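All residue numbers refer to positions in the sequence shown, counting from 1. Just so you know, these numbers come straight off a predicted model, no measurement behind them. Just the heavy atoms: all of them, side chains too, but no hydrogens, waters or symmetry mates, feed the values below.
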Amino acid sequence: MVLTLQVIADLFYLVLAIAYGIGALNLPEAMFGDPWEPRIYPLIIAAGMAILAVVLLITELRRQQKTGSAERAQFKIAKEGQIVAFVVGASVLYTLLFDRLGFMISTFLFIESIMLFISKGKKMLWPTVIALIFAVGIYFSFSRLLGITLPPAPFLDF
């Protein structure tokens, strides 16, 4: 077995599935009915993730055996990898700012930053308009139409 980037990713997905399954087992029991009900669907997802990760790992190992040679792991971030890394970083920042800035502002900044990164800042008007319409539209849809409370901006009184 040669430790390629594909093998590393497959092992990561397997560990993630196991961790998700452990988290699902730690969910509280249902107060009424079957005490396992809140755990069933997450455990199905964890099992599916684990099965798919094992299938991917076995497929990669068989491919390595057939070809006899495999590329060693290269940790060079391609263009797609840069986008993924930026979106992951923006998502972490979004979760940190969500309670402090409220739903509308943090969502606007999140969508705006991703759209500007992908367009390389060439077009600023449409990403700004789309992000603003989306953030405000979703906020009012949830708060007014569905009655679901989202964190408001600390200095805006909606």
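- Cluster annotation: I18 is not connected to F12 through the hydrophobic network of ILVMFWY side chains, with a link wherever side-chain heavy atoms come within less than 4.5 Å.
- For F142, the side-chain contact (heavy atoms from CB on, under 4.5 Å) partners are I138, L146, I148, L150, not counting sequence neighbours.
- Pairs engaging residues 111-135 under the ring pair (Phe, Tyr, Trp, His ring centres under 6.0 Å) rule: F86-F117 [sequence neighbours left out].
- Separation of atoms CE (M115) and CE (M124) is listed at 12.0 Å; rounding is to 0.5 Å.
- Linking Ile, Leu, Val, Met, Phe, Trp and Tyr residues whenever their side-chain heavy atoms come within less than 4.5 Å places L11 and L61 in a single cluster.
- Grouping the Ile, Leu, Val, Met, Phe, Trp and Tyr side chains by contacts below 4.5 angstrom, directly or via other members, places I111 with I118.
- For L27, the side-chain contact (heavy atoms from CB on, under 4.5 Å) test picks out R39, P42, with sequence neighbours left out.
- Summarising the local packing, CZ of F98 is surrounded by more than 12 heavy atoms from other residues, nucleotides or ligands at distances under 6.0 Å.
- Among residues two or more places apart in sequence or in another chain, the side-chain contact (heavy atoms from CB on, under 4.5 Å) test is passed with Q6 by T4, D10, E60.
- The two residues G137 and S141 have their closest heavy-atom pair at O-OG, 2.7 Å.
- Hydrophobic cluster membership differs between M49 and L43, with clusters built from Ile, Leu, Val, Met, Phe, Trp and Tyr side chains linked at under 4.5 angstrom.
- Taking a 4.5 Å side-chain heavy-atom cut-off between Ile, Leu, Val, Met, Phe, Trp and Tyr, the cluster of I51 extends to V55.
- L14 and Y20 are members of different hydrophobic clusters when ILVMFWY side chains are connected at heavy-atom separations under 4.5 Å.
- When every heavy atom of I114 is checked against every heavy atom of A90, the shortest pair comes out as CG1-CB, 4.3 Å.
- Checked against side-chain contact (heavy atoms from CB on, under 4.5 Å), L132 has the following partners two or more places apart in sequence or in another chain: F108, V136.
- In this structure, S113 contributes its side chain and F110 its backbone to a donor-acceptor pair below 3.5 Å.
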